[in-house]
Protein chains: 2
Amino acid sequence: MPRRKSLDHVVVPQAVMRRLPVYYRYLGALLARGTERVSSQELSRMIGITASQMRQDLSYFGSFGQQGYGYRVRDLHRAITEILGLHRTYQLVLVGVGNLGRALVSYPSFANRGFRFCGLFDNDPRLIGSEFCGLEIRPVDTLADFLHQCPVDIGVITAPPEVAQQIADVLVAGGVPAIWNFAPTSLKVPKGVIVEHTHISESLMVLSFRLNNPEEADTSVESASNQ
Amino acid sequence: MPRRKSLDHVVVPQAVMRRLPVYYRYLGALLARGTERVSSQELSRMIGITASQMRQDLSYFGSFGQQGYGYRVRDLHRAITEILGLHRTYQLVLVGVGNLGRALVSYPSFANRGFRFCGLFDNDPRLIGSEFCGLEIRPVDTLADFLHQCPVDIGVITAPPEVAQQIADVLVAGGVPAIWNFAPTSLKVPKGVIVEHTHISESLMVLSFRLNNPEEADTSVESASNQ
DNA sequence: GGTGGCTTGTGATCGGTTTAACAAGTCACA
DNA sequence: TGTGACTTGTTAAACCGATCACAAGCCACC
């Protein structure tokens, strides 16, 4: 009988949080394959971590398995879906409709999982007024107004670093509680506003470092985070 | 007198490695601003870590500062450039010329830092034969041949997850020592081949989790990693 | 040249994350 | 129904990374 903990006043370690999407991904694959049950040993071996770690991670959120049986794939998948907040929908705006911005807007699995883009912004006159994926591209200086009329959950910044802070300020002033930042720069935001950086170029630099510093340790590295 | 350690048989912790690009970025900004010297206190405060951590991180690679003075921005920048391997050039191939692939190929700061795309591959007949950024888009089934004629340092996978493993196999067989993977799937590669995952969608899921689980802890989180 | 203030590099300590171990509970099958 | 093999959730131990604290050394100014 899967039982979810309350989570209030329980601090989830960063390291655990970063692994949740990995569990979600592998469980999704098992689900698609029609697998009904899985043990912590099987799943953790697929992922490449220890069974102990997986069980301990899950224990932050509740009890989802049965001794001697393991986990029902469907139940655990659903549980993690809810833990991650993927059972609800989110309104997104994106600022900076370059190649990266277009990649994100047109990425099908975002829409499938409830991430709905409701506004695209740019300051390139050649783009403004045109459509992409059924959305009009609007001038950046109308962003503040837009936010007043349409509440937004997540602001995505795929603009050049020089203007990233400025955009973040407008998003914050407009009441956007979370920012997904792809600009290679840090953002200063008031306490309480959530910022998730995805610095693609840093990932390439790590690759370059690893190419030049042969480790004897294992080679595969998943993306995770902390500051 | 900046002094670089040998690095052989010194294991650099993942966490340290992930911070190197951050140091590099901030030092670059200082350099561009014309700042000559910086103390660990100043720099770490900008970044949002402790001065102790920064000094300890640097100590894995050598001694780059001077007591009572701090660090010469230019020297430290150059040192980290070399540690990261950004002083040399790399040949890249990219497989999957969608929006994300185009974003990477056209990103100017990659070319500026020595990352040279020398081959683009796709299996969409509408793309094959056309040009992007001065490079012909070739059919994926010519990738193996291409790798025999042109040695490649990094293979970039921006293709759908269903074909990612297949592409990785061809890259590995072709002697490519490192793979930069954007497909939302894990890759099985022989020991010794370097794989750096950049799972964009996982980053969004973490954001969604954080939106639904208000932490009292600090809010800004940089991208880093481990597996 | 001497003195004071400042800053580095590093050993010691602290805290958090990962691994190990086990009691309790479930299923399958005789 | 009883037994054995299996698996969870959790407590304890080991490990690793972050912070602290300080001796050693440098610069600037008197």
Side-chain angles (χ1 to χ4, degrees), chain A residues 1-5 10-20 22-23 35-73 75-76 79-80 215 217-218 221-222 224-227, chain B residues 1-5 10-20 22-23 35-73 75-76 79-80 215 217-218 221-222 224-227:
Chain A
M1 202 62 44
R3 192 85 207 135
R4 174 103 182 263
K5 273 184 192 167
V10 179
V11 181
V12 178
Q14 291 263 341
V16 174
M17 182 176 72
R18 298 282 151 190
R19 279 190 292 270
L20 292 175
V22 181
Y23 298 142
T35 312
E36 279 202 5
R37 53 163 282 194
V38 67
S39 70
S40 64
Q41 184 150 116
E42 291 172 301
L43 185 51
S44 64
R45 185 163 299 166
M46 283 192 258
I47 296 177
I49 61 175
T50 64
S52 216
Q53 180 165 69
M54 192 195 127
R55 294 204 302 275
Q56 183 124 81
D57 285 354
L58 293 180
S59 77
Y60 280 97
F61 303 100
S63 302
F64 306 102
Q66 277 185 337
Q67 286 123 321
Y69 179 82
Y71 302 88
R72 292 187 160 277
V73 172
D75 290 349
L76 187 54
I80 293 187
E215 324 133 53
D218 213 344
V221 174
E222 292 278 337
S225 185
N226 105 332
Q227 157 147 342
Chain B
M1 199 62 45
R3 193 84 206 133
R4 173 104 182 262
K5 273 185 192 168
V10 178
V11 181
V12 178
Q14 292 264 339
V16 174
M17 182 175 74
R18 299 280 151 190
R19 280 190 292 269
L20 292 175
V22 181
Y23 298 143
T35 311
E36 279 203 5
R37 54 161 285 195
V38 68
S39 70
S40 64
Q41 184 150 117
E42 291 171 302
L43 185 51
S44 65
R45 185 163 300 165
M46 283 191 256
I47 297 178
I49 61 175
T50 66
S52 218
Q53 179 165 69
M54 193 196 123
R55 294 203 302 274
Q56 185 122 86
D57 285 354
L58 293 180
S59 77
Y60 279 97
F61 303 101
S63 302
F64 306 101
Q66 278 186 339
Q67 286 122 323
Y69 179 81
Y71 303 86
R72 292 186 160 276
V73 172
D75 291 349
L76 188 54
I80 293 186
E215 325 134 52
D218 213 344
V221 174
E222 291 277 338
S225 184
N226 103 334
Q227 156 143 343

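Just so we're on the same page: letters track the sequence lines, and every chain starts at 1.
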Name the closest nucleotide to the A/Q53 side chain, picking from C/dG9, D/dA18, C/dT19.
C/dT19
So, using side-chain hydrogen bond (donor to acceptor under 3.5 Å, both in side chains) as the criterion, who are the partners of B/E42 when residues are at least two apart?
B/S39
Could you check how far CD of B/Q41 sits from P of C/dG5, rounded to whole Å?
17 Å
Could you state the CZ-C1' distance from A/F64 to D/dG9, rounded to the nearest angstrom?
12 Å
Bend angle of the helix from C/dG1-D/dC30 to C/dA30-D/dT1 from five-pair axes at both ends, rounded to 10°?
10°
Could you tell me how far apart B/R72 (CZ) and D/dC27 (C1') are, to the nearest whole angstrom?
12 Å
The side chain of A/R19 is closest to which nucleotide in this list: D/dG9, C/dT18, C/dG11?
C/dT18
Closest approach to the side chain of B/S40, judged atom by atom: which nucleotide of C/dT8, D/dT8, C/dT19 is it?
C/dT8
Provide, to the nearest angstrom, the distance between the CD atom belonging to B/Q56 and the C1' atom belonging to D/dC22.
14 Å
Hits for side chain to side chain contact (heavy atoms under 4.5 Å, CB included) against B/T50, two or more places apart or cross-chain, chain-then-number order -> B/S52, B/Q53
Give the rounded distance in Å between these two atoms: CE of A/M54 and P of D/dG9.
9 Å
Under 3.5 Å, side chain of A/R37 to main-chain N/O of A/Y69, donor-acceptor pair present?
yes
Protein-to-nucleotide contact annotation, 5' to 3' order, nucleotides 21-30 of chain C [B base; S sugar-phosphate only; - none; under 4.0 Å, heavy atom]
B--BBBS---
Salt bridge (charged side-chain N to carboxylate O under 4.0 Å, His left out): pairs with one or both residues in residues 47-68 of chain A, sequence neighbours excluded:
A/R19-A/D57
Send over the distance from A/D57 CG to C/dT17 C1', rounded to a whole Å.
10 Å
